Enquirer: 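Below: one structure in structure tokens.
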Amino acid sequence: MGKPTVAFFDFACCEGCQIEMTNLGDEAFLELLNHIDIVEFREAMSETTKEPIDIALIEGSFTREADRARLEDIRRRAKVVIAYGQCATTGGINALKNHQKDYKEFVYGHAAGMPHLASDSARPISSVIKVDYNAFGCPVSKYEVLQIISHLVHGKEPVIPDYPVCMECKRRETVCRYHEGDHCLGQVARAGCGAPCPASGIPCEACRGFVSDPNLASLKKVLREEGGLSERRAETKALMFTANETAGRPA
Amino acid sequence: MNAYFISAHDFKPFITRLIEARRVIGPVAKRNRFTFERVTRAEDLRLDYDVTILPPKKIFFPPVQDLVHFEGERYAGCIEAEPQVLLGVHFYDVKAIDMTDQLFREKFADPNYLAAREATTVVASNVQRVSDAAFWGSIGADVAPKGHDAFLTMIETGYVFETRTPKGAALLEFGRFRIAEKSEVAAADRVNAEILEKCPERIDHPAEAVAKRLWEVFGDEALWEKLAEDCFSCGSCNVICPTCYCFDVQDRWNLDQKSGARARSWDACLTQDFAQVSLGAGATENFRESRGERFRHRFMRKGAYLNKKLGGPACVGCGRCSQACTADIASPPKVINKIMGAAR
Amino acid sequence: MSKNGTVAGMDIHGTLGKLEGAGNIFLPRKAAVLLANDDTPIEKRLTLRLEDDAPFEFSPGQFIEVSLFGYGEIPVGLASSPTRQRSFDIVVRAVGRVSKAIHGLHGGDTLHVRGPYGNGFDLDALRGKNVLIIAGGLGLAPTRSLIQYILDKRDEFKRFTLFYGTRDPNTLLFPEDLEEWRESDKVEYFETVDRATGPWKGNVGVVTTLFQKTKLEPGTKVVVCGPPIMFKFVLRELDSLAVPHQDIYLDVERRMKCGVGKCGHCQINDKYTCTDGPVFTFAELEKLPEAF
């Protein structure tokens, strides 16, 4: 078998997750190229492809009906589709606007009426096409992406953690944010990042979304009682990266 | 056992010489907490710590550890055992080390754990400051710590150093020790006895009664679901526990995609999918599906299941779980006292 | 020196002395795939032999940890009898990362094994007795080690009955064995499928319907292996036949990750399925509230 072909695509996003791959550094990135053929990656090359591909990494959320056909075309051509980064996996930070009626005026002011800003609610790409695997995170963990690609190269299903960030904090013996009078979302946030934020004294914002069974009622209580957040803040705190996951959930 | 004495004045030079000669792990400050780390300067050693975030099990059973390395057709075990001194272990953690020694050794001896364990000289030290969640004064009181090689107790004039093994006695050469006076040994005994009364938390029931009661209420689903209502299934109470030792095993390839490792990492029975198996065609069976079932399993494990094997509860009263649980539902004194008081 | 201190230190030293070389419980042995056969669309049978033709001693009902480096390890029951020494069989259902990778293996490939682990069937208790084996689906694989054993040492056992139930005729394992057992006078063999397809002329219905085909003699030891749902119905049937619970042996499945009683995933209350089991009597299991 030859090297699998890999292509990056982007929709509504900042393309930071693609940049993250280039942050792997020469050694890792060049070694990776010995095992995959990158055929489209506009962060690093000008070539594009219309051919079938083995692995499509799709960044960004689906926010415009006009993007549907392009997503479907990628799905048709790709053996494996990976929702790449939080915008693609859950709608990510873009989904904040789904709960904000006046976001356009708020963000763009008098330019809000410009036609290129017309968009619908932000949805995960899985709302349009079948997604095989998720590379969570804002941005993705480049080391996890390496593992995901490594596993796919060997025909193995990637291992994506479904336990909370607390586990990773404990494994690296990070002082709990709550023990320094702070708050944190690590109890419900999906691990896999290695918990770098709490280790640097920053609360986890759940940028990889929730674990599959988050106890949100308990979270609200702990944010209020232990984290010192107001009732309203405790209610909305987890929204930043999980607006689509939080909506409609019993909290 | 021989008892020696070293003056407060001579203590720091002893630590300095020890650090120069050996790899030394001891309690050091980390932000507003303490952790066991490699000590490179005597002044970093904080024998006045209350409790460390992680217990010393991490020295013998690291959070992530390679078990097998492979490259193409070749493969080998990766047992590492660097000689080292683990200094400043409180007696409750020594008890926990005794337990993990037994559990890792029974039936199939775990080579990675035991290699690190054997290469380590364990020096216990008296509790100088009591953690606000500690209840070691009232649990497993009849279980004596025994796996350490020496015990260091601070008394008014200096330190009493009681050696228990040749490994412990081998450290004498690094300091100006003399044979301890009877009065000094008595003072050390007093220090270690008195501290037992200083715990802010206690479990007011004998271990056998707790074990019996846990079995009695095992089937009370409503009780367990209520106790676990706020549980995040985060596993913090497991991984910081000095007597928890469950692990997951995963394989990975290195960048070259030819070599790689089979590694184990700490796992936790409180996490949602711990007891889940695949049945095929996407179907799964989770043998401990509810929060209450998983919460119950931890308490059964700590208070009932292992008692016969270990000669006491598999809990040493360190209070780490009480502190680590942000939902504040993990505290053994609170839960056990509640269960013991629950209507029969 | 305190007695305690010295003893603890020496013990650890003594244990480590045995850990060199083959003493590393996590280090597997290489095994050659002699034969790989797709018995069903999702179940592959592999016949294995240890590298260098090293002897492999095990007891019926024990299991091994099978692995492919990079993919991982899974517990698999040994599906052949130690009386057929040269090689050993396993059956792997494609359900996860490791099992799917194993499905890609062919004769001549290699994989890695650790073990044998677990207690296996209590042969001493079965010898000289009537034995009924009830296997459902993939449950035939681990029980085949006992079936072959009994057939090979037929004189040591009295009446031998075998029930085998599976979903449909496409999911029948070990087709050559089934042929042999249907004709054999060494075993009273009864089979059934939940759903008949194709030319199937045999019994249709769940495995408990086979109880109507024969009469269970008092004192019969019953061995059961199958999916959790099957246990429930079979145990109910055995209760109605008043089979004492200590005469019923259940081969259970849990997530036996390490196989050596350490990793904790396979616990049923205070028991480790991998070292205390995987075979338990019903009398033992019914005392464990987490068992069913």
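By convention in this document, chain letters (A, B, ...) are assigned in the order of the sequence lines, proteins followed by strands, and residues within each chain are numbered from 1. In this text, all values refer to a predicted model and were calculated from it rather than measured experimentally.
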Enquirer: Where on A/Val222 is there a heavy atom nearer than 4.5 Å to chain B: the side chain, the backbone, both, or neither?
Expert: side chain
Enquirer: Quick check: do B/Ile97 and B/Phe60 have side-chain heavy atoms less than 4.5 Å from each other?
Expert: yes
Enquirer: Pick one of side chain, backbone, both or neither for B/Ile53, based on which atoms fall under 4.5 Å of a heavy atom in chain A.
Expert: both
Enquirer: Run the side-chain hydrogen bond (donor to acceptor under 3.5 Å, both in side chains) test against B/Glu82 and tell me which residues pass, sequence neighbours left out.
Expert: none
Enquirer: Could you pull out every donor-acceptor pair under 3.5 Å between chain B and chain A?
Expert:
unit_1   : atom_1 : unit_2   : atom_2 : d
B/Lys30  : NZ     : A/Glu173 : O      : 2.8
B/Arg31  : NE     : A/Glu180 : OE1    : 2.7
B/Arg31  : NE     : A/Glu180 : OE2    : 3.3
B/Arg31  : NH2    : A/Glu180 : OE1    : 3.4
B/Asn32  : ND2    : A/His179 : O      : 2.8
B/Arg33  : NH1    : A/His179 : ND1    : 2.8
B/Leu54  : N      : A/Glu173 : OE2    : 2.8
B/Lys58  : NZ     : A/Glu173 : OE1    : 2.6
B/Glu229 : O      : A/Asn215 : ND2    : 3.0
B/Asp230 : O      : A/Ser218 : OG     : 2.6
B/Asp230 : OD2    : A/Lys221 : NZ     : 2.5
B/Cys231 : O      : A/Asn215 : ND2    : 2.9
B/Asp251 : O      : A/Lys156 : NZ     : 3.3
B/Leu255 : O      : A/His35  : NE2    : 3.3
B/Asp256 : O      : A/His35  : NE2    : 3.4
B/Gln257 : O      : A/His154 : NE2    : 3.3
B/Gln257 : OE1    : A/Ser150 : OG     : 2.8
B/Gln257 : OE1    : A/His154 : NE2    : 3.3
B/Trp266 : O      : A/Arg171 : NE     : 3.3
B/Trp266 : O      : A/Arg171 : NH2    : 2.7
B/Gln323 : O      : A/His179 : NE2    : 2.8
B/Thr326 : OG1    : A/Gln187 : NE2    : 2.9

Enquirer: What ring-ring contact (aromatic ring centres under 6.0 Å, His included) pairs are there with at least one residue in residues 220-242 of chain A, not counting sequence neighbours?
Expert: none
Enquirer: Could you tell me which non-hydrogen atom of A/Val145 sits nearest to which non-hydrogen atom of A/Ala135, and how far apart they are?
Expert: CG2-CB, 4.4 Å
Enquirer: Taking side-chain hydrogen bond (donor to acceptor under 3.5 Å, both in side chains) as the test, write out the residues that go with B/Thr100, two or more places apart.
Expert: B/Tyr113
Enquirer: With a 4.5 Å limit on heavy-atom distance, are the side chains of B/Lys338 and B/Leu227 in contact?
Expert: yes
Enquirer: Give, for atom NZ of B/Lys302 and atom SG of B/Cys241, the distance between the pair rounded to the nearest 0.5 Å.
Expert: 3.0 Å
Enquirer: Specify the closest pair of heavy atoms between A/Cys204 and A/Val165, including all atoms of both residues, with the distance to one decimal.
Expert: SG-CG2, 4.1 Å
Enquirer: May I ask you to name which of A/Ile149, A/Leu146, A/Val175 has the most heavy-atom pairs under 4.5 Å with chain B?
Expert: A/Val175
Enquirer: Would you mind telling me which of B/Pro62, B/Ala324, B/Cys231 has the largest number of heavy-atom pairs within less than 4.5 Å of chain A?
Expert: B/Cys231
Enquirer: So which of B/Pro63, B/Gly260, B/Gly235 has the largest heavy-atom pair count under 4.5 angstrom toward chain A?
Expert: B/Pro63
